[in-house]
Amino acid sequence: MPIKFPFTKNKKQPVPQTVGLDYNQLPEHVAIIMDGNGRWAKNRGMPRIAGHKEGMNVVKKIVSHASGIGVKVLTLYAFSTENWKRPKNEVEFLMKLPVDFLNTYLPELIEKNVQVRTIGDFDVLPPHTQKAVDEAIERTKHNDGLILNFALNYGSRFEMVNAVKQIAAKVEDGELTSCDITEDLFSSQLYTSDLIEPDLLIRTSGEQRLSNFLLWQLAYAEFWFTEVYWPDFDESHFEKALYDYQNRKRRYGGV
Ligand code: FPP
């Protein structure tokens, strides 16, 4: 599919325009598993953290683009509950990335009317990570453009077990009976309770698995995989995913 560069609507920031992509029919919520940073770095003889740093720059590009074309929610898997198993220096670096990202990019997020949020077990993150993210959440809470939702120390099974515990506690208290337990009630106990469900899941780097990401919320999402490593991912890949999404038929189990 031909892609024209650049699109001249915004002179400061050329964006691609994918022929055939209907900007009025975009998926409202796009979730991304940003994978391949380590391999990208290794292929260049660089340390893994160099891949994460480059990955952070790609986050800026894709956030900017998603916001510019009118995507409503972008959920990015930045750190999973399993990522603590990585070497200490890598974990430390990943925990500093949101700080660097927000130090350098928060003014632009504010200017773009982006609202920052997180999902995940936030309270156990290092204080400096919490502080930077809290500040971004606070300073963007009234913005009503793109919701930029970082999954930080996120694990879907942990999230669902917590939801079950919260519901069980309400049943024990006599606030609910088992008959009150519905899909909507369960959804209301998840981190994503006030978000629409993802329409599209993108995973980079050739891996085709969910890795404990939004297992409940992705029930009806379209999946899009690419061999491209996250640090090489750009606006044209993002738009290709949106274009392919628009050419799928979503039936939600119907005919
Ligand atoms: C997976 O690649 C990537 C991560 C675990 C981290 C993703 C984080 C970023 C892209 C930057 C986030 C930016 C902000 C602002 C929070 P991998 O390391 O597993 O790659 P590999 O499979 O090639 O080893």
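Position 1 is the first residue of the sequence; numbering continues from there. Whatever order the structure lists ligands and atoms in, that order sets their numbers, starting from 1. The basis for the numbers below is simple: all heavy atoms, side chains too, and nothing from hydrogens, waters or symmetry mates.
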Which residues satisfy the ring pair (Phe, Tyr, Trp, His ring centres under 6.0 Å) test with [X], sequence neighbours excluded?
X	result
Phe79	Trp84
Phe233	Trp230, His237
Trp40	none

* Following the transitive rule for hydrophobic clusters with a side-chain heavy-atom cut-off under 4.5 Å over Ile, Leu, Val, Met, Phe, Trp and Tyr, establish whether Met34 and Ile49 coincide in one cluster. => yes
Side chain to side chain donor-acceptor pair (under 3.5 Å) test vs Asn37 passes for just one of His52, Lys42, Glu54, namely His52
field: Any donor-acceptor N or O pair under 3.5 Å, side chains Glu135, Gln130
entry: no
Could you give the N/O to N/O pairs under 3.5 Å linking ligand 1 and the protein, each with its distance?
from, atom 1, to, atom 2, distance (Å)
ligand 1, 2 (O), Asp35, OD1, 3.3
ligand 1, 2 (O), Gly36, N, 3.4
ligand 1, 18 (O), Arg48, NH2, 2.8
ligand 1, 18 (O), Arg86, NH1, 2.8
ligand 1, 19 (O), Asp35, OD1, 3.4
ligand 1, 19 (O), Arg86, NH2, 2.8
ligand 1, 20 (O), Gly36, N, 3.3
ligand 1, 20 (O), Asn37, N, 3.2
ligand 1, 20 (O), Gly38, N, 3.1
ligand 1, 22 (O), Asp35, OD1, 3.1
ligand 1, 22 (O), Arg39, NE, 3.4
ligand 1, 22 (O), Arg39, NH2, 3.0
ligand 1, 23 (O), Gly38, N, 3.3
ligand 1, 23 (O), Arg39, N, 2.7
ligand 1, 23 (O), Arg39, NE, 2.7
ligand 1, 24 (O), Arg48, NH1, 2.9
ligand 1, 24 (O), Arg48, NH2, 3.2

